[in-house]
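Just so you know, these numbers come straight off a predicted model, no measurement behind them.
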Amino acid sequence: MEMRQLRHFLALMETKSYWRAAESCGITAQALSKSIRRFEEQLGVRLFDRDTRSVKPTLFAEQIADYARNIDAEARSLRRSLDTLLGAGTNQLVVGTGAAAATKIVVEAVLAVRAQNPTLAVTVLEGTYEAMVPHLMNGKVDVVVSIMTTDVVDKLIDFRVLQVEQYRVYARAGHPLAGEQGVPPAKLLEFPWIAGADEDRVSEDVAASFRAAGLDPPLPVFRTDSVSFAINLVMQCNALFILPSETVRREVASGQLVAIDVQAERWTRPTVVFFRKNSTRSPDSIRFLKELKRIVERSTY
């Protein structure tokens with residue numbers, strides 16, 4: 001078994017297309033097909049059922065996929081550590097973060113780790129938990145700090161809850177609902193809404209609050225996965241959106257945005273640090289996890 005065969009297998013598992021998998025691996029579709037056949041011969045099992053239209057993983061492929069991801073991630077981590085020792089690479093920490101975590105705790109934790117290791121190069125990638133998990137599983141990201149927008153976590157991923165984030169309805173300063181007390185959900189439906197590009201647990205909880213009031217949930221006029229776009233859009237119109245309080249802390253403090261006092265139960269989700277199970281974590285990633293814990297504990301007092 002060779003690492004390149006393992007990575008070819010994982011690419012095909014992800015894309016379900018020889019052409020797309022080959023493109024992501026930088027080889028031809030014919031070369032990828034040959035590599036997969038050799039991999040199957042070495043394992044003595046058929047990994048994919050193929051026809052002219054699709055590629056479907058077999059039960060054998062599904063069974064070994066988790067092992068393959070773990071092996072690939074560990075190999076990437078080992079290569080990076082060896083390069084650092086040999087002076088051929090950079091002492092590096094790669095962190096995935098959600099928008100809320102990026103505003104404070106990730107920044108403070110990164111600075112604290114850098115203070116302990118001034119030679120450390122840090123890369124921070126922003127995105128949702130769903131977008132970051134593939135990078136975490138293949139070892140391209142060391143840890144992910146994000147709001148847990150789902151209750152289902154891959155079995156290869158472990159996590160620790162850091163704190164609980166409160167979600168609120170926000171609008172521009174000067175919005176017709178700004179300053180009103182106990183705004184009923186029905187009044188919120190009089191204004192356009194902005195929502196995330198994908199449905200998640202928070203949107204489900206919000207919809208449940210509207211249904212509890214005998215109302216249909218708001219239909220978003222705008223959908224986006226860009227927090228900065230959503231914030232700037234809200235500042236220029238009467239649209240409403242729901243975000244974690246931490247995400248818009250600065251805009252609220254500066255008086256640009258206001259939280260609407262809504263007659264509804266509180267919407268909350270935990271901010272979580274995710275990492276791969278049974279992985280060999282670098283000293284800097286361990287320091288980062290410790291600093292996150294220290295920062296969160298300090299902020300609770």
Lys277 NZ: over 12 foreign heavy atoms closer than 6.0 Å: yes

Side chains of Ser226 and Thr224, donor plus acceptor under 3.5 Å: no

ILVMFWY clustering at 4.5 Å (side-chain atoms), partners of Val234: Tyr170, Ile194, Val221, Phe222, Val227, Phe229, Ile231, Leu233, Met235, Phe241, Leu243, Val248, Val252, Leu257

Pairs satisfying salt bridge (charged side-chain N to carboxylate O under 4.0 Å, His left out), at least one member in residues 218-231, at least two apart: Glu199-Arg223

Under the side chain to side chain donor-acceptor pair (under 3.5 Å) test, residues paired with Arg211 that sit two or more places apart: none

Side-chain donor-acceptor pair present, Ser209, Glu265, cut-off under 3.5 Å: no

Val122 backbone acceptor or donor facing Gln92 side chain under 3.5 Å: no

For residues 108-117, which side-chain N or O atoms pair as donor and acceptor with protein atoms under 3.5 Å away, sequence neighbours left out?
| unit_1 | atom_1 | unit_2 | atom_2 | d |
| --- | --- | --- | --- | --- |
| Glu108 | OE1 | Arg298 | NH2 | 2.6 |
| Glu108 | OE2 | Lys104 | NZ | 3.3 |
| Arg114 | NH1 | Pro118 | O | 2.2 |
| Arg114 | NH1 | Leu120 | O | 2.9 |
| Gln116 | NE2 | Ala112 | O | 3.4 |
| Gln116 | NE2 | Glu291 | OE2 | 3.0 |
| Asn117 | OD1 | Thr119 | N | 3.3 |
| Asn117 | OD1 | Thr119 | OG1 | 2.7 |
| Asn117 | ND2 | Asp284 | OD1 | 3.2 |
| Asn117 | ND2 | Asp284 | OD2 | 3.3 |

Any donor-acceptor N or O pair under 3.5 Å, side chains Ser254, Arg250: no

Whichever hydrophobic residues join Leu189 through chains of side-chain contacts under 4.5 Å: Ile147, Tyr167, Val169, Leu177, Val183, Leu188, Phe191, Trp193, Val202, Val206, Phe210, Leu215, Leu240, Ile242, Val258, Ile260, Val262, Trp267

Rounded distance (nearest 0.5 Å) linking atom CZ of Arg276 with atom CG of Leu136: 6.5 Å

Exceeds 12 heavy-atom contacts within 6.0 angstrom, atom CZ of Arg294: yes

Selection residues 156-173 - residue pairs positive for salt bridge (charged side-chain N to carboxylate O under 4.0 Å, His left out), sequence neighbours left out: Asp158-Arg160

For a quick test of your reading: what N or O donor-acceptor pairs under 3.5 Å do the side chains of residues 124-135 make, sequence neighbours left out?
| unit_1 | atom_1 | unit_2 | atom_2 | d |
| --- | --- | --- | --- | --- |
| Thr128 | OG1 | Ala131 | N | 3.2 |
| Glu130 | OE1 | Thr149 | OG1 | 3.4 |
| Glu130 | OE2 | Thr149 | OG1 | 2.9 |

Non-neighbouring partners of Phe48 that pass ring-ring contact (aromatic ring centres under 6.0 Å, His included), sequence neighbours left out: Phe9

Return a table of donor-acceptor pairs under 3.5 angstrom between the side chains of residues 19-31 and protein atoms on other chains or two or more places apart.
| unit_1 | atom_1 | unit_2 | atom_2 | d |
| --- | --- | --- | --- | --- |
| Arg20 | NH2 | Thr15 | O | 2.8 |
| Ser24 | OG | Ala21 | O | 2.8 |
| Thr28 | OG1 | Ala31 | N | 3.0 |

Within 6.0 angstrom of Glu14 CD, more than 12 heavy atoms from elsewhere: no

Side-chain donor-acceptor contact under 3.5 Å, Arg38 with Gln5: no

Gap between atom CD of Gln163 and atom CD of Glu297 - 0.5 Å precision: 11.5 Å

Counterpart residues, side chain to side chain donor-acceptor pair (under 3.5 Å), relative to Glu246 (two or more places apart): Thr103, Arg249

Atom pair OG1/CD of Thr268 and Gln166 - distance to nearest 0.5 Å: 8.0 Å

Residues clustering with Leu59 (ILVMFWY side chains joined when closer than 4.5 Å, directly or via others): none

Partners meeting side chain to side chain donor-acceptor pair (under 3.5 Å) with Asp151 (sequence neighbours left out): Arg201, Arg269

Side-chain donor/acceptor of His175 to backbone N/O of Ala171, under 3.5 Å: no

Gap separating the CD atom of Gln63 from the CG atom of Leu47, nearest 0.5 angstrom: 12.0 Å

